[in-house]
Amino acid sequence: VGLQLSVVAVVAIIWVTRLFHVGSPVRQGLTHMKIDLAPVQLRIEDRTPLLARLLFSRLSGRLAVGVVGLVGISFVAQVATLPLVAHYFGRISIVGFLTSVVAIPAAYVIIIGALAYLVLVPWRGMIAAIVTWIVDALHSLMNVMASLPCATFDVTLSWGSVVVLYGLVLGVVHTLF
C-alpha cells in the first residue's frame, strides 16, 4: 500500500510541476492572462538601510515562493492519493491539508536537527531538547486537529470507483491543459 501511495504521489507531483514549468503552454497561458507569477515581497519602512531592505526583500520573496511550493506540492500529493487512501483505509481526513502546512516545514527542521545532533557533539543536549520540543508540539497539534468534529469521515470505494475517479481526473486535466 505504501509503495502505491508513494508512486502515485511522486507521479502526480512530477506531472503537475511539468505542467507549470517555464515555457509550458499552461504557464504561457497564465502569463497572457496577466496573472503575476512574481514572488510576493513585503513592504519595508524607508528608514531601514538599503542593504537590509535588499536582503530582506529577497529572503521574503524566496520564503513566500518556498511556502507556496510546499503547500502546493503537499496539496497535489494529497489529492492524487485521495482515492487510494479512501479505498484502502475507508477514511478521508479533511484537516490533512491544514496540518501539512505545519508538518512539512517541521519535518525539515526535525531532519536538520537530527543531522546537527550527529555532527555538533558539544551541543547535543541543547539540540535534542529543541528537536524534542518541536516533535512534542507537532504531535499535540496533530492530536488537536484530529479531535475536531468532522476532521475525518468514512468512505467506501471499490477498485472500480478508484479507477473511475482517476480516469475522471486524467480526463479533466487533459481537457483543461
Side-chain angles (χ1 to χ4, degrees), residues 1-27 29-30 37 62-120 124 127-128 130-177:
V1 175
L3 178 64
Q4 289 176 352
L5 292 171
S6 296
V7 168
V8 167
V10 169
V11 167
I13 290 168
I14 291 170
W15 190 34
V16 168
T17 52
R18 286 184 181 251
L19 282 176
F20 290 97
H21 79 283
V22 176
S24 74
V26 173
R27 180 129 181 201
L30 289 175
L37 296 175
R62 288 183 182 172
L63 183 63
V65 168
V67 168
V68 168
L70 282 175
V71 171
I73 287 173
S74 172
F75 180 76
V76 167
Q78 288 181 26
V79 168
T81 57
L82 203 60
L84 283 176
V85 169
H87 172 71
Y88 282 120
F89 303 109
R91 180 166 276 219
I92 294 177
S93 171
I94 302 300
V95 296
F97 297 108
L98 297 173
T99 57
S100 65
V101 174
V102 176
I104 292 172
Y108 281 116
V109 173
I110 291 167
I111 290 169
I112 291 168
L115 292 174
Y117 180 84
L118 294 173
V119 175
L120 303 173
R124 279 188 173 174
I127 294 170
I130 293 169
V131 170
T132 301
W133 182 84
I134 293 170
V135 169
D136 290 342
L138 188 61
H139 186 254
S140 297
L141 176 66
M142 298 304 145
N143 284 336
V144 167
M145 296 298 282
S147 66
L148 292 174
C150 300
T152 63
F153 61 93
D154 296 333
V155 176
T156 305
L157 282 182
S158 65
W159 268 114
S161 300
V162 171
V163 170
V164 167
L165 280 173
Y166 280 121
L168 285 172
V169 168
L170 289 173
V172 167
V173 170
H174 180 69
T175 303
L176 292 176
F177 301 113

Minimum heavy-atom distance between [X] and [Y], given as atom pair plus value:
| X | Y | answer |
| --- | --- | --- |
| Ala77 | Ala9 | CB-CB, 4.0 Å |
| Pro83 | Val162 | O-CG2, 3.7 Å |
| Ser93 | Thr152 | CA-CG2, 3.8 Å |
| His87 | Ser158 | ND1-C, 3.8 Å |
| Pro105 | Ser100 | CD-O, 4.0 Å |

Considering only heavy atoms from C-beta outward, does the side chain of [X] approach that of [Y] to under 4.5 Å?
| X | Y | answer |
| --- | --- | --- |
| Trp15 | Leu170 | yes |
| His139 | Asp136 | no |
| Phe153 | Arg91 | no |

Atom [atom1] in [X], atom [atom2] in [Y]: separation rounded to 0.5 Å?
| X | Y | atom1 | atom2 | answer |
| --- | --- | --- | --- | --- |
| Leu82 | Leu5 | CG | CG | 10.5 Å |
| Phe89 | Leu84 | CZ | CG | 9.5 Å |
| Leu157 | Ile92 | CG | CD1 | 6.5 Å |
| Ile127 | Arg124 | CD1 | CZ | 8.5 Å |
| Met142 | Thr99 | CE | OG1 | 4.5 Å |

If you count every heavy atom of other residues, nucleotides or ligands that lies below 6.0 Å from [X] atom [atom1], does the total exceed 12?
| X | atom1 | value |
| --- | --- | --- |
| Trp159 | CH2 | yes |
| Tyr88 | OH | yes |
| Tyr108 | OH | no |

Practice item. Taking side-chain contact (heavy atoms from CB on, under 4.5 Å) as the test, write out the residues that go with Val11, two or more places apart. Key: Val7
Review point. Can you name the side-chain contact (heavy atoms from CB on, under 4.5 Å) partners of Ile134, sequence neighbours left out?
Key: Ala106, Val109, Ile110, Ile130
